[in-house]
Enquirer: 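Following this message is one structure expressed as C-alpha cells.
Just so you know, these numbers use all the heavy atoms, side chains as well, and skip hydrogens, waters and symmetry mates. Convention: sequence-line order gives letters A, B, ...; per-chain numbering from 1.
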2 protein chains.
Amino acid sequence: MPTRSRREPLSRDRLLAAAVKIADTEGVAAVTMRHVSAALGVEAMSLYHHLPGKEALLDGLVDTVVMEVVEQISIVEESGGTLGWQATLRRRFLTARTVMLRHPWAPVLIGTRTSIPPSAYAIYEALLATMVEGGFSYELAHRALHSFGSMPLGFVQELFNPAPGDDDMAEEELAAMAEMLPHLTAMVASEIHTNDGDTLGWCDSQNEFEFTLDLLLDGFARRLGP
Amino acid sequence: MPTRSRREPLSRDRLLAAAVKIADTEGVAAVTMRHVSAALGVEAMSLYHHLPGKEALLDGLVDTVVMEVVEQISIVEESGGTLGWQATLRRRFLTARTVMLRHPWAPVLIGTRTSIPPSAYAIYEALLATMVEGGFSYELAHRALHSFGSMPLGFVQELFNPAPGDDDMAEEELAAMAEMLPHLTAMVASEIHTNDGDTLGWCDSQNEFEFTLDLLLDGFARRLGP
DNA sequence: ACCTGAACACCGTTCAAGT
DNA sequence: ACCTGAACACCGTTCAAGT
C-alpha cells in the first residue's frame with residue numbers, strides 16, 4: 001500500500017485543514033511547523049513550499065475559519081428570506097457565532113493577527129451594503145463597524161479567559177475577598193448561572209452576546225431616526 | 001565599582017519593570033526569559049527565584065499595566081470631584097485609555113491571558129459600586145460589564161492590527177477591489193482620516209472609542225428609566 | 001536563600017542536496 | 001517543482017552545583 005503522501009500530494013488546503021484539526025483537538029499551541037508536518041507524514045521543511053512560514057500558517061488558520069463564517073452566512077441567508085437591516089445584521093452575527101463555537105481557539109488567534117484575512121473583506125462589504133441600503137451614511141456605518149467590534153465574526157472579546165475550575169479558593173480567601181470586594185461577591189452570589197458549555201469563555205453565553213448585540217442595534221436604530 | 005546586581009538584589013518588581021521596559025521599546029515578542037535576565041545582568045535561571053516561569057512573567061506584565069490604570073484613575077478622581085454614574089464611568093474609561101496608549105502591546109497580551117490579574121478586581125469592584133449607587137440592579141450591572149468589554153481597561157478590541165503602511169497596493173489591485181467591494185472602497189474614500197499617531201490600532205482613534213462608549217452609556221441610561 | 005552553568009527537549013528557519 | 005535531512009540560532013526549563 002503506497003503511503004498517503006504518495007497518492008495525495010501536499011497542498012495549501014490539505015495543510016491548513018490538518019492545522020485546523022490540530023487546533024480543534026490539541027489547542028492552537030500545538031500548531032507548530034513540525035507537528036503539522038508530522039501529522040501529514042512529511043518533513044517540516046516541506047510546508048515551506050506551500051506557505052512562506054509560521055506566521056502565514058496562522059494567518060491561513062484564521063482565513064480558513066473566516067471563510068467558514070462566510071459560507072455559513074450564505075447558507076442561512078439563502079434559505080431564510082430577506083429581512084430589514086437590523087434583523088439581517090442580527091442573524092449574521094448569530095450565525096457567525098455558531099462557527100466560532102466550533103473553533104474556540106479562533107477569537108484569541110484572530111486578536112493576535114496583524115494582517116486582515118482576505119475573506120474578512122467580504123463580510124465587511126456585505127455589512128456595509130446592508131446598512132447603506134437601510135439608510136446609514138458611510139460615516140455612521142463606519143462607526144457601527146467599529147462599535148460592533150468582533151461581533152461580525154461571532155464573538156465578543158473576553159478580557160480574560162480563566163480555565164473552568166481555575167477559581168478554586170480557600171474558605172479564608174473567600175471571606176477576605178467578600179470584605180474587600182463586596183459588590184463583586186454580591187453580584188456573583190446573586191447571579192450564579194450554570195456554565196452550560198456553549199460558551200467561548202467566562203460568562204460569554206448566548207444571552208450576554210445577544211444582550212450587547214441588541215443594545216447596539218437599538219442604539220443605531222435610534223440614531224437613524226424614526 | 002561593584003556591579004549593579006551586587007548592590008541591588010533581584011526582586012519581582014525590578015524584574016517586571018525591566019520586562020515592561022523591553023516590551024515598550026522592543027515589542028512584547030522580545031520579552032523572553034533570556035533577554036529579560038540579560039537586561040538585568042543576570043542568568044536566565046535567576047528569574048525562577050522570583051517567578052515560576054514564562055507565563056507568570058506575562059501575567060505579571062499585564063498586572064503591572066492594570067495597576068498603572070488603577071493608580072491613574074485614583075489620581076484623576078481625587079483631583080476631579082464627584083460626578084454621576086454616567087460621567088464617572090466615562091472618565092474612568094478615558095483615563096484607562098491614556099495608560100494603554102503608553103503600552104500599545106498590552107491589549108493583545110491581555111487577550112491571551114487565561115488568568116485574571118488581581119489588580120483587575122479592584123476596577124470591576126469600583127465600577128459595580130458606581131453603577132449600583134446609580135440605581136443599577138446587579139443583573140443589569142453585570143450585563144453592562146460584559147457590554148463594555150475591554151473599555152474598563154481603556155481599549156476597544158481591534159479585530160486585526162495591520163501595521164501602518166502595510167496596505168500598499170498596485171493600481172490594478174485597487175481597481176479590482178473597487179469592483180468587488182464597492183461599498184468598502186466608497187467608505188474608505190469618503191472617510192480618509194489621517195492617522196494621527198494616538199491610536200492603538202487601525203482606526204482606533206479617540207473618536208471611535210468615545211462614540212462607542214457614549215452609545216453604550218446612552219443605552220444603559222435608557223434602560224434605567226427616566 | 002539566591003544565583004550559576006551546563007544540559008535537554010523543543011522551536012522556526014537556512015542551506016545544500018536529492019528526485 | 002517538490003521534498004529531504006542535517007545544521008543553526010534561538011527558546012523555556014531541569015538539574016546539580018556553587019556561595
Side-chain angles (χ1 to χ4, degrees), chain A residues 1-23 25-63 105 108-109 112-115 163, chain B residues 1-23 25-63 105 108-109 112-115 163:
Chain A
M1 217 219 274
T3 69
R4 198 216 222 161
S5 56
R6 213 175 239 295
R7 52 171 69 175
E8 281 187 83
L10 208 49
S11 72
R12 202 186 108 101
D13 283 349
R14 275 217 320 134
L15 195 164
L16 288 176
V20 169
K21 194 170 177 180
I22 288 173
T25 57
E26 302 175 58
V28 75
V31 178
T32 68
M33 301 297 273
R34 289 170 136 100
H35 193 146
V36 171
S37 62
L40 289 161
V42 106
E43 292 294 314
M45 286 316 298
S46 302
L47 305 188
Y48 285 79
H49 290 276
H50 304 94
L51 282 172
K54 175 73 181 292
E55 281 302 297
L57 199 168
L58 297 179
D59 286 344
L61 226 47
V62 166
D63 199 35
W105 45 270
V108 170
L109 187 63
T112 66
R113 293 303 86 200
T114 61
S115 67
Chain B
M1 216 218 274
T3 68
R4 198 219 221 158
S5 58
R6 212 176 240 292
R7 50 171 71 173
E8 281 188 84
L10 209 48
S11 72
R12 202 186 107 102
D13 283 348
R14 272 213 328 130
L15 196 162
L16 288 176
V20 168
K21 194 170 177 180
I22 288 173
T25 56
E26 304 175 58
V28 76
V31 178
T32 67
M33 302 296 275
R34 288 169 136 100
H35 193 145
V36 170
S37 61
L40 289 161
V42 105
E43 291 294 313
M45 286 316 298
S46 302
L47 306 188
Y48 285 80
H49 291 277
H50 305 95
L51 282 173
K54 175 73 182 290
E55 281 302 298
L57 199 168
L58 297 180
D59 286 345
L61 225 47
V62 167
D63 200 35
W105 45 270
V108 170
L109 187 63
T112 67
R113 294 302 86 200
T114 61
S115 68

Enquirer: Measure from CD on A:E43 to C1' on C:dC11 and round the result to the nearest Å.
Expert: 15 Å
Enquirer: How close or far is atom P of C:dA7 from atom CZ of B:R34, stated in whole angstroms?
Expert: 13 Å
Enquirer: For a quick test of reading the model: is some side-chain N or O of B:T32 closer than 4.0 Å to OP1 or OP2 of D:dC10?
Expert: no
Enquirer: I want to verify a distance call: between D:dC3, D:dT13, C:dT4, whose nearest atom is closest to the B:V42 side chain?
Expert: C:dT4
Enquirer: Could you give me the stems involving DNA chain C, meaning stretches of three or more consecutive Watson-Crick or G-U wobble pairs whose two defining distances are both below 3.5 Å?
Expert: C:4-8 with D:12-16, C:12-16 with D:4-8
Enquirer: Using modelled atom types only, decide if a donor and an acceptor are shared between the side chain of A:S37 and the backbone of A:M33 within a distance under 3.5 Å.
Expert: yes
Enquirer: Please lay out, stage by stage, how A:V31 and A:H35 fare under the test side-chain contact (heavy atoms from CB on, under 4.5 Å).
Expert: CA-CA 6 Å; A:V31 178; A:H35 193 146; over 6 Å; no
Enquirer: Between the side chain of A:H50 and the main-chain N/O of A:L15, is any donor-acceptor distance below 3.5 Å?
Expert: no
Enquirer: Should B:H50 be listed as having a side-chain N or O under 4.0 Å from OP1 or OP2 of C:dC3?
Expert: yes
Enquirer: Picking from B:K54, B:R113, B:R12, what satisfies salt bridge (Lys or Arg N to Asp or Glu O under 4.0 Å) with B:D59?
Expert: B:R113
Enquirer: B:L15 has an atom CG; how far is it from atom C1' of C:dC3, in whole Å?
Expert: 13 Å
Enquirer: Taking atom C1' of D:dC10 as reference, at what distance in whole Å does atom NZ of A:K54 sit?
Expert: 14 Å
Enquirer: In whole Å, I'd like the distance from the CE atom of A:M45 to the P atom of D:dA1.
Expert: 17 Å
Enquirer: What's the OH-P distance between A:Y48 and D:dA1, to the nearest Å?
Expert: 20 Å
